[in-house]
Amino acid sequence: QLPLVESGGGAVQVGGSLRLSCGYSEYIGSRYCVAWFRQAPGKEREGVAAFDSRDFTKYADSVQGRFSVSQDSATNTLYLQMDSLKPEDTAIYYCAARTFDCPPWYKLLDESVYNSWGQGTQVTVSS
């Protein structure tokens with residue numbers, strides 16, 4: 001498993017922006033997939049955004065056009081840029097990774113794909 005540490009959560013007003021970071025301290029390999037998930041109170045965890053070493057990217061419909069996922073290989077950091085935030089974006093956000101045998105792109109937001117998880121960071125959007 002790959003140790004992951006999220007940061008960057010906080011409170012923001014509707015329409016605002018936040019950037020979440022997820023750092024990893026070990027080599028992620030050349031065949032990996034990474035993703036951001038979130039879990040709101042009383043709801044199941046859902047996939048938000050993902051990409052892999054083959055350059056496939058997938059976003060949940062609810063965040064398409066507002067969120068973007070990226071990676072800085074020089075600093076071993078994953079990012080989730082969140083713009084035009086809405087109250088329904090309030091949740092604990094988790095980053096996740098798999099460092100081998102990633103599935104086809106259409107499964108990149110499946111929770112079962114990932115075997116490494118961060119501890120989560122809270123995002124609260126208020127009106």
Side-chain angles (χ1 to χ4, degrees):
Q1 295 186 349
L2 185 69
L4 302 169
V5 179
E6 300 99 335
S7 61
V12 64
Q13 291 190 327
V14 170
S17 297
L18 279 175
R19 188 177 75 163
L20 304 183
S21 301
C22 174
Y24 50 94
S25 57
E26 299 178 5
Y27 177 57
I28 198 171
S30 60
R31 297 171 59 189
Y32 61 86
C33 40
V34 292
W36 289 92
F37 288 77
R38 68 185 180 187
Q39 187 167 21
K43 295 187 177 182
E44 295 185 352
R45 189 155 54 184
E46 62 173 350
V48 173
F51 70 91
D52 67 15
S53 53
R54 301 162 294 186
D55 291 332
F56 291 122
T57 304
K58 184 170 177 63
Y59 293 95
D61 291 344
S62 58
V63 306
Q64 183 75 47
R66 300 189 299 121
F67 290 13
S68 63
V69 60
S70 62
Q71 177 188 38
D72 185 340
S73 298
T75 61
N76 288 352
T77 305
L78 309 172
Y79 296 103
L80 182 67
Q81 178 67 41
M82 305 185 295
D83 299 320
S84 302
L85 283 162
K86 305 176 181 181
E88 52 264 41
D89 295 320
T90 295
I92 299 174
Y93 283 72
Y94 301 87
C95 64
R98 181 183 180 95
T99 57
F100 62 97
D101 296 337
C102 288
W105 67 269
Y106 52 86
K107 292 188 176 181
L108 289 179
L109 293 182
D110 288 353
E111 184 175 350
S112 62
V113 166
Y114 301 93
N115 62 346
S116 297
W117 292 86
Q119 81 287 354
T121 186
Q122 177 71 47
V123 172
T124 302
V125 184
S126 59
S127 57

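Keep in mind that the numbers below use all heavy atoms, side chains included, and drop hydrogens, waters and symmetry copies. What you are looking at is a predicted structure, and each value in this text was computed from that prediction instead of being measured.
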inquiry  = Same cluster or not: Leu108 versus Val48, using hydrophobic residues (I, L, V, M, F, W, Y) connected whenever any side-chain heavy atoms lie under 4.5 Å apart?
reply    = no
message = Side-chain heavy atoms nearer than 4.5 Å, only ILVMFWY residues, links allowed to pass through others: does that put Val113 and Leu78 together?
response = no
message = Just so I know, are the side chains of Thr99 and Tyr114 near enough to count as touching, which here means a heavy-atom distance under 4.5 Å?
response = no
query = Looking only at heavy atoms, which two atoms of Gln39 and Lys43 are closest? And how far apart?
reply = NE2-O, 3.1 Å
key: Closest contact, heavy atoms only, Leu4 versus Ala97   = CD1-N, 3.8 Å
ask   = Does Phe67 belong to the same Ile/Leu/Val/Met/Phe/Trp/Tyr cluster as Ile92, with side-chain heavy atoms less than 4.5 Å apart forming each link?
value = no
query = Going by atom types only, do Thr77 and Asp72 share a side-chain donor-acceptor pair under 3.5 Å?
reply = no
query = Is the CZ atom of Arg54 crowded by more than 12 outside heavy atoms at less than 6.0 Å?
reply = yes
ask   = Is a side-chain donor or acceptor of Thr121 paired with a backbone partner of Gly9 at a separation under 3.5 angstrom?
value = yes
ask   = Between the main-chain N or O of Ala60 and the side-chain N or O of Ser62, is there a donor-acceptor pair closer than 3.5 Å?
value = no
remark   = One should read off an interatomic distance between Met82 CE and Leu18 CG, to the nearest 0.5 angstrom, of 4.5 Å
query = Are Arg98 and Asp52 close enough for a salt bridge, meaning some N to O gap below 4.0 Å?
reply = no
key: Test log, rule side chain to side chain contact (heavy atoms under 4.5 Å, CB included), inputs Arg38 and Asp89   = CA-CA 9 Å; Arg38 68 185 180 187; Asp89 295 320; 2.9 Å; yes
message = Looking at Glu44, I'd like to know if its CD atom is crowded, meaning that more than 12 non-hydrogen atoms belonging to other residues, nucleotides or ligands lie closer than 6.0 Å.
response = no
ask   = For Gln122, does the CD atom have more than 12 heavy-atom neighbours from other residues, nucleotides or ligands under 6.0 Å away?
value = yes
remark   = Nearest heavy-atom approach of Ala35 to Ala50 is CB-CB, 3.6 Å
pair Val123-Thr90: side-chain heavy atoms closer than 4.5 Å = no
message = Using modelled atom types and a 3.5 Å cut-off, is there a donor and acceptor pairing between side-chain atoms of Gln1 and backbone atoms of Asn115?
response = yes
task = Could you pull out the closest heavy-atom pair between Tyr59 and Val69, with the gap in Å?
result = OH-N, 2.9 Å
ask   = For Tyr32, which of Tyr24, Phe100, Tyr27, Phe51 qualifies under side-chain contact (heavy atoms from CB on, under 4.5 Å)?
value = Phe51
message = Working to the nearest 0.5 angstrom, can you tell me the gap between Cys22 SG and Trp117 CH2?
response = 11.0 Å
task = Can you measure from CH2 (Trp105) to SG (Cys33) and round to the nearest 0.5 angstrom?
result = 14.5 Å
task = Can you measure from CD (Glu6) to SG (Cys95) and round to the nearest 0.5 angstrom?
result = 4.0 Å
query = Looking only at heavy atoms, what is the nearest atom pair of Ser127 and Val14, with distance?
reply = CA-CG2, 3.6 Å
query = Which value, rounded to the nearest 0.5 Å, describes the distance between Arg19 atom CZ and Gln81 atom CD?
reply = 7.0 Å
Atom pair CZ/OH of Phe37 and Tyr94 - distance to nearest 0.5 Å = 12.0 Å
ask   = Which heavy-atom pair separates Leu85 from Arg66 by the least distance, and what is that distance?
value = CA-NH1, 3.9 Å
